[in-house]
Structures are given as C-alpha cells and as structure tokens.
Undergrad: 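Following this message is one structure expressed as structure tokens.
Scope of the values below: all heavy atoms of this structure, side chains included, with no hydrogens, waters or symmetry mates. Chain naming here is simple, since letters A, B, ... match the order of the sequence lines and numbering starts at 1 in each.
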Amino acid sequence: MGSRPPESLPRAFFDRPVLDVARDLLGRVVVHTSDDGVDGVGGGTVAVRLTEVEAYAGPGDPGSHAARGRTPRTAVMFGPPGHAYVYFSYGMHWCANLVCGPEGTASAVLLRAGEVVSGLELARHRRPTARKDVDLARGPARLAAALGLGQVQDGADLCAPSSALRVLDGRSPSSSSEILTGPRVGVSGEGGDGARYPWRLWLTGEPTVSAYRVAAPRRRRAGSAPTTSTTTTTRPTDEESTQ
DNA sequence: ATCCCGATTGCCT
DNA sequence: GGCAATCGGGATA
C-alpha cells in the first residue's frame, strides 16, 4: 500500500453554516508543516486534535471582528471558506480562525484549544513556558504558537493540494453527545448576556480545554478607581449548557 | 494625530 | 485571583 499523506478536508466542509462547521471540527486534527528554519529548530510538523472551538457569525455578530464591516485586517474573513484568518492580539499573540460559510458571510471558527498529537518536541520548543504537555495548545494563542501560526499563515488556503496547513479528513471524529456549549470567552459587546451567543463548543472531559474567563473590562486611566476584577476563571464543566 | 481597548497569557501576591 | 505586557486596528478630532 502506498502511504500518501492524509488528505485535507474539501472546501465544501467549510462552505456551511458556521455552527455546523464548528461542531464538525471538534475532534479533528489540524496539521502545520514548516520547512524553513524560522523557528530556530529547523521547522517540522505539529498536529493538534481540536477540543475547543468558538463560532463567529460575521457582520451581524457583535462579537465578531467582522462586526464593523470589511477592513484590511478582516478581509480574509469576507473571502472564500477554507482559508485561515490569523490575527494579532494584545500586541503579542496570534490566534487562528478558519473561514466558513459561503463567500462574503465573513463567518469563522476560532481554534481555541487542542491536544498536540504529533510533533511534541517542536511544540515544546515553540511553547517554552508550558509546564505540562496538556498546556501546549490550551488556549487560542497557545494553540497558534504550538502550531507555528502567525502573520505568514493569514489567508492560507487549507484546501489547496499539499497546503502546509490543513485539517485532516476522517470519519466522524466525535458524536454530538460529547459536545458541550457555553458563552464565548473574553467577548464583550454582548450586553453582558453571553448566553445570547453560546457558541463556544468543547469536548466533554478533555483536559486540554481552556479555562473560561469573562471579558475583562479595561482598567481606567490613572486616577480612576481600579475596575472590579472580573477575570473570573473556571474550568468548563457539564454544569454549562448542553447541545 | 490621538485615544481606547482588545476573540490572551503568564507572573505576582 | 489580580494585573502588567505590548501594539495595531478602528473610531474620533
């Protein structure tokens, strides 16, 4: 038997309502191969099995980067599905989304967390502060770092043949009964009612699922009273809503 | 030109 | 649990 590389998901997979895609992405494996030496360790391949994702529904979704229409940064979201939207966050992190739906809907799924299933050594090099392997891709910026995703991958076509970044095809990797949902993490502008968009989805009992934090209000300028600390952190449990 | 603040993380007490 | 780091996007003047 010739051993071909595992195939990437077809574009049609992403060309559907964003919540459907989000559900189907859980349990699947994202692979990124870098042949250059930009990492200082010669590049290589890292694979992450997704355990947590978050859906964003385009201009009508107040929590989406596309909420204020098309801008240079969000242009990729308004393009065809099956591409990566990678953005710079808090002046120091990169986070990766997969563009979904028909072209122009600007919907996308944020890759929030996963389990490194291949390329452990390279992932550890890229995430030197991770204490345990379970923390390597536990969080959107951590996941992007472990995979080696950044500015260069913004706009990358995951469905192109031999793309360096892809989602592996495979049989239904998770049943809907294993999927839990809850409010999105860190998203403000939802009127304090995150329940309006319970579009964070994760797999039951996975240790790699990121901690939940409510949107943290910015501290005021000097002189103002410090804002009440709202960085509540909790482990997602079955107490949150189910599908 | 300037201001505000973010789809976060990790270190500090 | 609190909060600093760090900088670019988008709104406002």
Side-chain angles (χ1 to χ4, degrees), chain A residues 18-19 21-22 25 50-78 84-100 106-114 123-124 126-132 134-147 149-151 153-155 181-202 208-236:
Chain A
V18 66
L19 278 176
V21 179
L25 279 173
L50 299 175
T51 57
E52 180 188 354
V53 298
E54 218 163 60
Y56 289 85
D61 177 352
S64 172
H65 284 176
R68 272 155 246 136
R70 178 180 179 136
T71 66
R73 179 177 65 146
T74 61
V76 173
M77 293 183 87
F78 288 82
Y85 163 53
V86 185
Y87 70 93
F88 192 48
S89 179
Y90 287 92
M92 61 193 97
H93 306 299
W94 294 93
C95 296
N97 298 253
L98 305 186
V99 177
C100 302
S107 59
V109 172
L110 171 69
L111 308 182
R112 283 205 58 91
R124 287 175 182 147
R126 290 170 171 166
R127 293 266 305 116
T129 59
R131 295 203 178 195
K132 303 172 296 184
V134 103
D135 294 321
L136 287 171
R138 184 169 172 263
R142 293 166 166 183
L143 182 151
L147 280 173
L149 303 180
Q151 174 91 84
Q153 284 71 37
D154 186 34
T181 67
R184 297 131 126 194
V185 178
V187 175
S188 56
E190 294 189 359
D193 181 17
R196 219 174 112 197
Y197 293 90
W199 292 349
R200 181 168 68 111
L201 298 83
W202 66 93
T208 54
V209 171
S210 69
Y212 176 73
R213 294 185 178 190
V214 287
R218 219 52 188 150
R219 71 175 184 284
R220 297 292 237 168
R221 310 244 242 107
S224 304
T227 57
T228 54
S229 60
T230 3
T231 48
T232 307
T233 304
T234 48
R235 288 282 303 161

Undergrad: Which listed nucleotide (C/dA5, B/dT8, B/dA7) is nearest to the side chain of A/Tyr56?
TA: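 Looking only at heavy atoms from C-beta outward on A/Tyr56, the closest nucleotide is B/dA7.
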Undergrad: Protein-nucleotides 10-13 of chain B N/O pairs closer than 3.5 Å?
TA:
residue: B/dG10; atom: OP1; partner: A/Arg127; partner atom: NH1; Å: 2.7
residue: B/dG10; atom: OP1; partner: A/Thr129; partner atom: OG1; Å: 2.7
residue: B/dG10; atom: OP2; partner: A/Arg142; partner atom: NE; Å: 2.7
residue: B/dG10; atom: OP2; partner: A/Arg142; partner atom: NH2; Å: 2.6
residue: B/dG10; atom: O6; partner: A/Arg213; partner atom: NH1; Å: 3.3
residue: B/dG10; atom: O6; partner: A/Arg213; partner atom: NH2; Å: 3.3

Undergrad: Which of these nucleotides, C/dA11, B/dA7, C/dA5, is closest to any side-chain atom of A/Met92?
TA: C/dA5
Undergrad: Which dot-bracket notation, 5' to 3', represents the base pairing of DNA chain C when pairs are defined as Watson-Crick or G-U with both distances under 3.5 Å, crossing pairs as [ ], and inter-strand pairs as |?
TA: |||||.||||||.
Undergrad: Among residues at least two apart in sequence or on other chains, which ones pass side chain to side chain donor-acceptor pair (under 3.5 Å) with A/Arg112?
TA: A/Glu52, A/Ser210
Undergrad: It should be established whether A/Arg112 places a side-chain nitrogen or oxygen under 4.0 Å from OP1 or OP2 of nucleotide B/dT8.
TA: yes
Undergrad: Could you pull out all residues at least two apart from A/Tyr87 that satisfy ring-ring contact (aromatic ring centres under 6.0 Å, His included)?
TA: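 Expected list: A/His65, A/Tyr85.
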Undergrad: Output yes when at least one side-chain N/O atom of A/Arg73 is less than 4.0 Å from OP1 or OP2 of C/dG8, else no.
TA: no
Undergrad: Could you measure between the two P atoms, the one in C/dT6 and the one in B/dT2, and give it in whole Å?
TA: 22 Å
Undergrad: Check every atom of C/dC7, C/dA11, B/dA7 against the side chain of A/Phe88 and return the nucleotide holding the closest atom.
TA: C/dC7
Undergrad: Counting heavy atoms from C-beta on, name the nucleotide in C/dG9, B/dA7, B/dT8 closest to the side chain of A/Val185.
TA: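 Of C/dG9, B/dA7, B/dT8, B/dT8 is nearest to the side chain of A/Val185.
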Undergrad: Could you tell me the separation between the CG atom of A/Leu201 and the C1' atom of B/dA7, rounded to a whole number of Å?
TA: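 Rounding to the nearest Å, CG of A/Leu201 and C1' of B/dA7 are 15 Å apart.
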Undergrad: Please identify each residue that fulfils salt bridge (Lys or Arg N to Asp or Glu O under 4.0 Å) with A/Asp154, with sequence neighbours left out.
TA: none
Undergrad: Tell me whether the guanidinium CZ or amine NZ of A/Arg73 lies under 6.0 angstrom from the six-membered ring centre of A/Phe88 and within 45° of its axis.
TA: no
Undergrad: When rounded to the nearest Å, what value does the distance between C1' atoms of C/dC3 and B/dC5 take?
TA: 15 Å
Undergrad: Checking A/Arg124 now: which residues fulfil side chain to side chain donor-acceptor pair (under 3.5 Å) with it, not counting sequence neighbours?
TA: A/Asp133
Undergrad: Looking at the side chain of A/Thr71, which of B/dA7, C/dG10, C/dA5 is the nearest nucleotide?
TA: C/dG10
